[in-house]
Structures are given as structure tokens and as C-alpha cells.
Amino acid sequence: MTSPEGPHPAGPQPAGPQPQDPEAAGHSGAGLRAVLAALGANLGIAAAKFAAYAITGSASLLAEAVHSVADCGNQMLLLLGRNRAARGQTEEHPFGYGRERYFYAFLVAVVLLAGGAAFSIYEGIHKITHQEPIRSPGVAFGVLAIAIVMESLSLRTAVHQSRRLRGRHGWLAFIRRAKAPELPTVLLEDSAALVGLAFATVGVTLTVLTGNELWDGLGSLAIGMLLAGVAVVLAVETKSLLIGEAASAEVEQAIVAALAAGPEVQRVIHLRTLHIGPESLLVAAKIAVRGSDQASTIAAGIDAAERRIRAAVPIAEMIYLEPDLYESSRADTTDPAIRAARRPAD
């Protein structure tokens, strides 16, 4: 007789954090270094931009200064999320607090949209309707040049930390697939900052050359629209992580292979995975066993299967395996859990 649906815990669960699997390896340290580098750069850039705005009165520089302040707040939110996610499991939160990193990453998108984009658009419209000349343009160009150098160094750090983690995937695929939110967020922020600085430079340059302050206002508007676009991308990606994402196809294939590698498992009937946090994975699977096996044999086989999964995917901290008798007539191939168990290896 087949057992009811739903996974049941089996076998001892190791205490404490586990090592990371290839999908998440290095994300924690690399993400922290990228966030700290971006925070240091943006603190200096924001101070320089505000000083330049006070001297020149440029709307583009003010928009860029607010952009840098928003970025500083974003990096502090990411650091706060990492700190709070490190708390241990409790009775109220038995799976821990790993998803707090996703929550604070989502707040980053809100701050970027409300703080950076909205203000830049407002300032651009205000500058267009209430035009004022740019004073001391040399100061503006000097600060923009310094900001470009510092943002480039920050982006270089993020790219360097990300390159060895993205593997064969392109940059857009890496941003969409990454389970740790820090590196994609810093990559998008720094890229947007450099493009925004280019908009500000063009706006100030055209204003100086033509004497028409309209260009400075348009530069601020362009920065605001850019930040709004980046905020939407971040919001969409982090919302997906907040709702709950499965492990990558490669990791699920590794789990299925580990389960099927033992003689006690005839086949994997269905598989569900869920990232509790960037370096914590929940695995729930229904495995087919022989009807003639005794309960003690099945229990020992489940324990062995769990050990194989952890050896293949060390971030699989929570594993729930349910033994069952396989009946092909019950297999619903439209079920994502069944498709995950049957996905062919690349």
C-alpha cells in the first residue's frame, strides 16, 4: 500500500551550518567584499557630489549625490540582512532566518525607486521649469571624473568576485540565477551608477557648451528613469526569491543522482527543493523502495541516501525523504516535482 503524499523527516539532521555546494560556494565571502567595497566608494562619492552641487548648483550632480546616498543606504541594508539572517533556528522559525537577506534586498529596490529615482525625476522636472545656470563647471567635471574612477573600482571588485561564481553563464543569467542577493544587487547598482555618471557628464557638458540649462535637467531625468528601471529589475528578482525558488537544475540533477546511486532506492518518484536562504537548501523527495523490504532496512537506506545527498550538495541542510511503492499509472508528468526527478542530465 502506498504511503500518503507529503514528505516526512527521516534520519538524524546535523546541527549547525553546513558547507556550501558549487551553486553557492563563495557567494557569502564574495558578496560581503563587494558590498563593503561599494559602501566605501559611495560614501566618498556622495560627499564629493554634495560639495560639488553646493558650488555649481547642477541638478544632475544633486541627482547623482542622492543616488550615491541611496546606494549607501542600500549597502547598509544588505549588511543588516546578512547579519540578521545568521541567527539560529527557533521554535517560531524552525527553518531559521535565511530569507531575511531576500527581504532586505527587496527593501533595496524600494529605497532605490523611492529615494533615488523619484527624487532625480523631481529634480530634473524642477530644473527644466526653473532653470538656473551652472556655476564653476570645472568643479563639476572634476568631481564627476573622481566619481567615475571610484565607481569603476567598486564595479571592478564586484565583477572580480562574481566572475568565478557565474561559471559558463552570462551576466544576465547570473543575475537571474544567483540565490545570494548581494552580488547581483551591487553589480546592478554600480553599473547604473556609471551610466548615471555618464548622463550627468553629458548633461553638464551640453549645458556649458550651449548655455541652455535644459540639458542639465534632462540629465537628472535620465538618471531617475535609469534608477527606476534598475529598481524594477531588483524588485522582480528578489520577489521571486522571497516567494521561494528551487535549486538550479544542475543541483537537482546532483540530488537525483545521489539518491539513485544506492541499491536501496529503486527510483526517485518526485523531488521538491526550496532555498531557505542562499546557503541553505530544503530537499523533499519521494523515493521508490521494494515492497518486501522491512522497516529497519528502509530506515537504514534512507539514512544512507541522506548522507549521499549531503556529500553531493552540502548546503542541503534539511532533507525529508518519504519511501513509497512506485506505480507508473499514478505519475502525473505535468507535476513539476515529477519533472524535476526525471530531468535528464546535461
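What's counted below: heavy atoms across the whole structure, side chains too, no hydrogens, waters or symmetry copies. All of these numbers come straight from a predicted model, not from anything done at the bench.
Within 6.0 Å of atom CG in L209, more than 12 heavy atoms from other residues, nucleotides or ligands are found, so the atom counts as buried in its surroundings. Taking a 6.0 Å sphere around CZ of R87, one finds it holds more than 12 heavy atoms contributed by other residues, nucleotides or ligands. Enclosure of atom CZ in R176 is not indicated, since only 12 or fewer non-hydrogen atoms of other residues, nucleotides or ligands lie within 6.0 angstrom. Heavy atoms of other residues, nucleotides or ligands lying less than 6.0 angstrom from OH of Y122 number 12 at most.
Side-chain contact of S220 with E123: a donor-acceptor pair under 3.5 Å is absent, judged by distance alone. Between the side chains of S280 and E317, a donor-acceptor pair is found at a separation under 3.5 Å. Side-chain atoms of E182 and Q75 form no donor-acceptor pair, as typed in the model, at a separation below 3.5 Å.
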Worked check of side chain to side chain contact (heavy atoms under 4.5 Å, CB included) between Q253 and L271: CA-CA 10 Å; Q253 287 167 1; L271 172 70; over 6 Å; no
Between V108 and L78, does a side chain to side chain contact (heavy atoms under 4.5 Å, CB included) hold up when you go through it step by step? CA-CA 8 Å; V108 165; L78 292 175; 4.0 Å; yes
For R156 and E151, run salt bridge (Lys or Arg N to Asp or Glu O under 4.0 Å): C-alpha distance rounded to whole Å, both residues' side-chain angles, the deciding distance at 0.1 Å, then the answer. CA-CA 8 Å; R156 178 178 176 273; E151 287 287 6; over 6 Å; no
Mind running side chain to side chain contact (heavy atoms under 4.5 Å, CB included) on E264 and T297 for me, showing each step along the way? CA-CA 8 Å; E264 65 279 348; T297 302; over 6 Å; no
Test V251 against I315 for side chain to side chain contact (heavy atoms under 4.5 Å, CB included), laying out the working first. CA-CA 10 Å; V251 170; I315 67 166; over 6 Å; no
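Under a 3.5 Å cut-off, the side chain of N42 and the backbone N or O of A38 do form a donor-acceptor pair. The main-chain N or O of A85 is never found under 3.5 Å from a side-chain atom of R101 such that the two would form a donor-acceptor pair. Side-chain atoms of R135 come within 3.5 Å of backbone atoms of I55 as a donor-acceptor pair (strictly under, hydrogens ignored). In this structure a side-chain-to-backbone donor-acceptor pair under 3.5 Å is present from T273 to A247. Of the possible donor and acceptor atoms, one in the side chain of K179 sits under 3.5 Å from a partner among the backbone N and O of A246. The closest donor-acceptor contact from the side chain of K49 to the backbone of E64 lies under 3.5 Å. Formation of a donor-acceptor pair under 3.5 Å by the S154 side chain with backbone atoms of M150 is not found in this model. Side-chain atoms of S58 come within 3.5 Å of backbone N or O of L61 as a donor-acceptor pair.
Under the 4.5 Å side-chain heavy-atom criterion for Ile, Leu, Val, Met, Phe, Trp and Tyr, L107 and V233 are members of the same hydrophobic cluster. Under a hydrophobic-cluster definition in which Ile, Leu, Val, Met, Phe, Trp and Tyr are linked whenever side-chain heavy atoms come within less than 4.5 Å, directly or via other members, L43 and I45 are assigned to different clusters. Under the 4.5 Å side-chain heavy-atom criterion for grouping Ile, Leu, Val, Met, Phe, Trp and Tyr, L241 is connected to L80 within one hydrophobic cluster. Under a hydrophobic clustering in which Ile, Leu, Val, Met, Phe, Trp and Tyr are joined whenever their side-chain heavy atoms come within less than 4.5 Å, directly or via other members, F106 and Y97 fall into different clusters. Connection of V186 to V110 is established within a shared hydrophobic cluster, with ILVMFWY side chains joined at heavy-atom distances below 4.5 Å, either directly or through further cluster members.
Contact annotation: the side chain of I255 never approaches that of V268 to less than 4.5 Å [non-hydrogen atoms, C-beta and beyond]. Residues I302 and V289 fail the side-chain proximity criterion, which asks for heavy atoms closer than 4.5 Å. At a threshold of 4.5 Å between non-hydrogen side-chain atoms, the residues Y320 and L282 count as touching. At a threshold of 4.5 Å between non-hydrogen side-chain atoms, the residues M225 and I121 count as touching. Looking only at side-chain heavy atoms (C-beta outward), F141 and T205 come within less than 4.5 Å of each other. Within the 4.5 Å cutoff, side-chain heavy atoms of L259 are placed close to those of I287. Between R310 and I319 there is a side-chain heavy-atom pair separated by less than 4.5 Å. The shortest side-chain heavy-atom distance between Q89 and P94 does not fall under the 4.5 Å cut-off.
For F95 against I276, the heavy-atom pair with the smallest separation is O-CG2, 3.1 Å. Annotation for D216 and A59: closest pair OD2-N, 2.7 Å, computed over non-hydrogen atoms. When all heavy atoms of P181 and Y102 are compared, the pair lying nearest together is CD-CE2, 4.0 Å. Between V256 and A341, the shortest heavy-atom contact is CG1-O, 3.7 Å. Taking every heavy atom of both residues into account, T207 and E213 meet most closely at CG2-CA, 3.8 Å. Heavy-atom minimum distance, L144 versus A200: CD2-CB, 3.9 Å.
Here CG of L62 is found 10.0 Å from NE2 of H126. Values are rounded to the nearest 0.5 Å. One finds the OG1 atom of T185 at 9.0 Å from the CD1 atom of I175 (value rounded to the nearest 0.5 Å). In this structure, I243 CD1 and R99 CZ are separated by 9.5 Å, a value rounded to the nearest 0.5 Å. For the atom pair CZ of R33 and CG of L183, the computed distance is 9.0 Å after rounding to the nearest 0.5 Å. Atom-to-atom distance recorded for K286:NZ and R267:CZ is 13.0 Å, nearest 0.5 angstrom. Rounding to the nearest 0.5 Å gives a distance of 12.0 Å between CG of L242 and CD of E237.
When each of L155, V149, I148 is paired with S152, the side chain to side chain contact (heavy atoms under 4.5 Å, CB included) condition holds for I148 and for no other. The salt bridge (Lys or Arg N to Asp or Glu O under 4.0 Å) with E252 is formed by just one residue from the set R339, R343, R342; it is R343. Among I128, V202, L206, the single residue meeting the side chain to side chain contact (heavy atoms under 4.5 Å, CB included) criterion with L218 is I128.
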